[in-house]
Student: 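Below is the structure I would like to discuss, written out as structure tokens.
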Amino acid sequence: MSGFKSDFLRVLSERGFVHQISDPEGLDAAALKGPVTGYIGYDATASSLHVGHLTQIMMLHWMQETGHRPIALMGGGTTMIGDPSFKDEARKLLSVEDIGRNLEGIRGSFSRYLDFDGGRAEMMNNADWLLGLNYVEFLRDVGRHFSVNRMLSFDSVKLRLDREQSLSFLEFNYMILQAYDFVELNSRRGCVLQMGGSDQWGNIVSGIDLGRRMNDVQLYALTSPLLTTASGAKMGKTAAGAVWLDAELLSPYDFWQYWRNTEDADVVRFLKLFTTLPMSEIDRLAALGGAEINEAKKVLAGEVTTLLHGRAAAEAAAETARKTFEEGALAGDLPTIEVPMAEIDAGLGVLSAFVRAGLVASNGEARRAAAGGGLKVNDASVTDPTASLSRADLTGDGVIKLSFGRKKHILLRAV
RNA sequence: GGGGGAAUGUCCCGAGCGGCAAAGGGGGCGGACUGUAAAUCCGCUGGCUACGCCUUCGUAGGUUCGAGUCCUACUUCCCCCA
């Protein structure tokens, strides 16, 4: 698997980013000869990227680190269509306004990982060339190179066809547009590599074929493995939803916690993929066993959070976690909600306080959680569901600590 | 075009003689054990102003004291024949 001569492929390979490469020797040689331009596309299906995208972002990061030129391609055009790959049903079409808003949200995340100064990296948007296409012209220039027979044979649409779920003509075109993007980037920027998750293989290879047919150029594909945790769950999902990169949607503290709670079996793999620590350091951490592996998890959480939110935010998160979990003390910068003092004086029910804090979804859930011993007010279990909070529950700092389970804590601040 | 079957708790799979808030899994959450891990064991897994009330079984009607369960039409999917 290794034996690559270029820094670029050697690093990606030893850190576990490589699933498939279309022409490993050819790409290795190209990367050895000089700077290679490569891209990854991101569709604007949500207002923020999440942990599932992080692998792809790190690949662009390493590309730049090893002396090449990454392009982050915003899918302002392709998001209008929606990628049907491996989806069992069509996704709802997003409005133009939503797409625009989502793109804005996504853009910000990249600056933490890529240095855009002096054209060392670039952000582009396929809306710039896709939206103005002339239909008939496009069909004659590009469409004629695609075989429907072949497109129907791809694994990515197999699920849909097997279930005889409708695959609309709109979605069917996604692959063609993505292939066209690749060729367009090749013409515009000399881009010869497209990377992506393993589910993108078919789409990427279509672009390679199209490049050869239209312009007789040699393009390359590199995909990363689909990430799951050691126990088989998809990466980046928690009870609360996706693990967002945008601090507005997921606080740095919660982001840090997500990594801190990594399963033992995943720690080394994640250190390689999601941090920039040198391999020697990772090897050292990998040697930790038993309870000591918690140190490795803290390093993991610290490094990943630092990359995304900065050193200060990472240290604050680590400190809050230390106080909360290791000292059992009340850390002042836990997530906080504000409640008017008048409501507390009026006797705010414990159950509704937990609902207000967003720790549980309903009074009923709060009631059940209390019955199961899962609710705590200032570290004391709630046994009476009809109890109310009062001024007397306020700690010295004027807050009440609400805990659901051992890991979720919210401060209720009276104002 | 003809014939047969199926849609269940808005996470998924899946049982369901006309009395059902609806079996059982998975997943998730909580508890115990640990190391803020995994594995294991236990509990919970419609809503509410809560010994009662309200809303749920593809959609819309109907029969019935009462329907997820029976009838009709429609929608979507699966299988067989042409």
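Proteins come first, then strands; the chains are lettered A, B, ... in the order of their sequence lines, and each starts at number 1. Because the structure is a prediction, the values reported are computed rather than measured.
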Student: Angle between ring planes, A:Phe270 versus A:Phe274, binned at 30° and 60°: parallel, tilted or perpendicular?
Tutor: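 Taking A:Phe274 first and then A:Phe270, their aromatic rings stand perpendicular (interplane angle over 60°).
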Student: State which of B:G35, B:G30, B:U36 makes the closest approach to the side chain of A:Phe325.
Tutor: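 Of the candidates, B:U36 comes closest.
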Student: Nearest whole angstrom, please: distance from the P of B:U36 to the OH of A:Tyr253.
Tutor: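 A:Tyr253 atom OH is separated from B:U36 atom P by 13 Å.
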Student: Quick one: are the ring centres of A:Phe138 and A:Tyr180 less than 6.0 Å apart?
Tutor: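 Yes - the distance between ring centres of A:Phe138 and A:Tyr180 falls below the 6.0 Å cut-off.
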Student: Can you tell me the base-pairing partner of B:C51? Count Watson-Crick or G-U wobble geometry only, both distances below 3.5 Å, and say none if there is no partner.
Tutor: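 By the stated definition (distances under 3.5 Å), nothing pairs with B:C51.
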Student: Provide the distance between the two C1' atoms, one in B:C79 and one in B:G30, to the nearest whole Å.
Tutor: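 About 44 Å, rounded to a whole number of Å.
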Student: Using the C1' atoms only, state how far B:C12 lies from B:C81, rounded to an integer number of Å.
Tutor: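 Nearest-Å result for B:C81 against B:C12 at atom C1': 34 Å.
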Student: Work out how far the P atom of B:G28 is from that of B:U75, and round it to whole angstrom.
Tutor: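 Going atom to atom, P in each nucleotide, I get 39 Å.
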Student: In the structure shown, which nucleotide is the Watson-Crick or G-U wobble counterpart of B:C17, with both distances under 3.5 Å?
Tutor: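 Across any shown strand, B:C17 pairs with none.
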Student: In the structure shown, which nucleotide is the Watson-Crick or G-U wobble counterpart of B:G1, with both distances under 3.5 Å?
Tutor: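 B:G1 is paired with B:C81.
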Student: Does A:Asp264 make a side-chain donor-acceptor contact with the base of B:G35, cut-off 3.5 Å?
Tutor: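 By the distance-only test, yes, there is a pair.
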Student: Base of B:C20 relative to its sugar, syn (within 90° of 0) or anti?
Tutor: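 Glycosidic conformation of B:C20: syn.
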Student: Considering only atom P, compute the distance from B:G43 to B:G24 and round it to an integer number of Å.
Tutor: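 Here B:G43 and B:G24 have their P atoms 12 Å from each other.
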Student: Could you tell me the separation between the CD atom of A:Glu292 and the C1' atom of B:A38, rounded to a whole number of Å?
Tutor: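 Spelled out: CD on A:Glu292 to C1' on B:A38 is 18 Å.
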Student: Looking at the side chain of A:Asn363, which of B:A37, B:G30, B:C48 is the nearest nucleotide?
Tutor: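 Nearest nucleotide to the side chain: B:C48.
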Student: What's the gap between B:U69 and B:U8 when it is taken at their C1' atoms, as a whole Å value?
Tutor: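 That atom pair is separated by 11 Å.
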Student: I want to verify a distance call: between B:U49, B:C29, B:U36, whose nearest atom is closest to the A:Gln257 side chain?
Tutor: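 It is B:U36.
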Student: Using the purine O4'-C1'-N9-C4 or pyrimidine O4'-C1'-N1-C2 torsion, is B:C70 syn (within 90° of 0) or anti?
Tutor: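 The base of B:C70 is oriented anti (glycosidic angle more than 90° from 0).
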Student: Mind checking who B:A38 pairs with, Watson-Crick or G-U wobble, both distances under 3.5 Å?
Tutor: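 Across any shown strand, B:A38 pairs with none.
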Student: Is it true that A:Phe154 and A:Trp201 have ring centroids separated by less than 6.0 Å?
Tutor: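 Judged by ring-centre distance (under 6.0 Å), A:Phe154 and A:Trp201 do not meet the cut-off.
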Student: Rounding to a whole Å, what distance do you find between A:Leu351:CG and B:U49:C1'?
Tutor: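 In whole Å, B:U49 C1' lies 13 Å from A:Leu351 CG.
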Student: Report yes if some heavy atom in the side chain of A:Leu285 is under 4.5 Å from a heavy atom in the side chain of A:Leu277; otherwise report no.
Tutor: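 Sidechains of A:Leu277 and A:Leu285: in contact.
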Student: Rounded to whole angstroms, how far apart are CG on A:Leu359 and C1' on B:C44?
Tutor: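 Spelled out: CG on A:Leu359 to C1' on B:C44 is 17 Å.
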Student: Mind checking A:Ile293 for me? I need base, sugar-phosphate or nothing, with any heavy atom below 4.0 Å counting as a touch.
Tutor: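 The answer is base, as A:Ile293 lies within the cut-off (heavy atoms under 4.0 Å) of a base atom.
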Student: Rounding to a whole Å, what distance do you find between A:Arg406:CZ and B:G30:C1'?
Tutor: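 Rounded to whole Å, this separation is 11 Å.
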Student: Using the P atom in both, what is the distance from B:C54 to B:A67, to the nearest Å?
Tutor: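 Going atom to atom, P in each nucleotide, I get 14 Å.
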Student: Would you please confirm or rule out a distance under 4.0 Å between OP1 or OP2 of B:C48 and any side-chain N or O of A:Ser362?
Tutor: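 Answer is yes, contact under 4.0 Å.
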Student: Indicate yes or no: does A:Glu343 engage A:Arg356 in a salt bridge with an N to O separation below 4.0 Å.
Tutor: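 A salt bridge is present here (some side-chain N lies under 4.0 Å from a carboxylate O).
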Student: For A:Arg367 and B:A50, what is the distance between atoms CZ and C1' respectively, to the nearest whole Å?
Tutor: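 Atom-to-atom, A:Arg367 to B:A50, this comes out as 6 Å.
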Student: Relative to the 5' end of RNA chain B, which residue comes earlier, A:Asn261 or A:Gly373, by the nucleotide with the nearest heavy atom?
Tutor: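 The residue mapped nearer the 5' terminus is A:Gly373.
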Student: Between A:Gly405 and A:Lys298, who's closer to the 5' end of RNA chain B by nearest nucleotide?
Tutor: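 Nearer the 5' end of the strand: A:Gly405.
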Student: So if I take every side-chain heavy atom of A:Glu263 and compare against B:A50, B:A37, B:G47, which nucleotide ends up nearest?
Tutor: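 Looking only at side-chain atoms, A:Glu263 lies closest to B:A37.
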Student: Which nucleotide sits closest to the side chain of A:Lys297: B:A37, B:G30, B:U36?
Tutor: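 Among B:A37, B:G30, B:U36, the one nearest the side chain of A:Lys297 is B:A37.
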Student: Between B:C48, B:U36, B:U45, which nucleotide gets closest to the side-chain atoms of A:Trp256?
Tutor: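 Ranking B:C48, B:U36, B:U45 by closest atom to the A:Trp256 side chain puts B:U36 first.
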Student: Please say which of A:Asp43, A:Asp181, A:Thr79 ends up in a side-chain hydrogen bond (donor to acceptor under 3.5 Å, both in side chains) with A:Asn126.
Tutor: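 Looking at A:Asp43, A:Asp181, A:Thr79, the match for A:Asn126 under the side-chain hydrogen bond (donor to acceptor under 3.5 Å, both in side chains) is A:Asp181.
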Student: Which nucleotide, in any strand shown, forms a Watson-Crick or G-U wobble pair with B:G43, with both distances under 3.5 Å?
Tutor: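 The answer is B:C29, by the H-bond criterion.
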Student: Can you label the angle between the A:His53 ring and the A:Tyr42 ring as parallel, tilted or perpendicular, going by 30° and 60°?
Tutor: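 A:His53 vs A:Tyr42 ring planes: tilted.
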Student: Any base atoms under 4.0 Å from A:Arg260, or only sugar-phosphate, or nothing? Heavy atoms, all strands.
Tutor: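 A:Arg260: base contact, heavy atoms under 4.0 Å.
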Student: For B:U10 and B:U59, measure between their P atoms and round to the nearest Å.
Tutor: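 To the nearest whole Å, 13 Å.
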Student: Which base, if any, makes a Watson-Crick or G-U wobble pair with B:U59, both distances under 3.5 Å?
Tutor: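 B:U59 is paired, partner B:A73.
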Student: Quick one: pull up OG in A:Ser48 and CG in A:Leu245 and give me the separation to the nearest 0.5 Å.
Tutor: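 Atom-to-atom, A:Ser48:OG and A:Leu245:CG are 5.0 Å apart.
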Student: How many whole angstroms separate atom CZ of A:Phe354 from atom P of B:C44?
Tutor: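 Going from A:Phe354 (CZ) to B:C44 (P), I get 20 Å.
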Student: Choose from B:G47, B:C29, B:G35 the nucleotide whose nearest atom is closest to any side-chain atom of A:Lys408.
Tutor: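 Looking only at side-chain atoms, A:Lys408 lies closest to B:C29.
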Student: Rounded to whole angstrom, note down the C1' distance from B:G26 over to B:C17.
Tutor: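 Nearest-Å result for B:G26 against B:C17 at atom C1': 29 Å.
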Student: Between C1' on B:U36 and NZ on A:Lys407, what's the gap in Å once rounded to a whole number?
Tutor: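 Result: 5 Å.
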Student: For B:U10, which nucleotide is its Watson-Crick or G-U wobble mate, given both distances must be under 3.5 Å?
Tutor: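 WC or wobble partner does not exist here.
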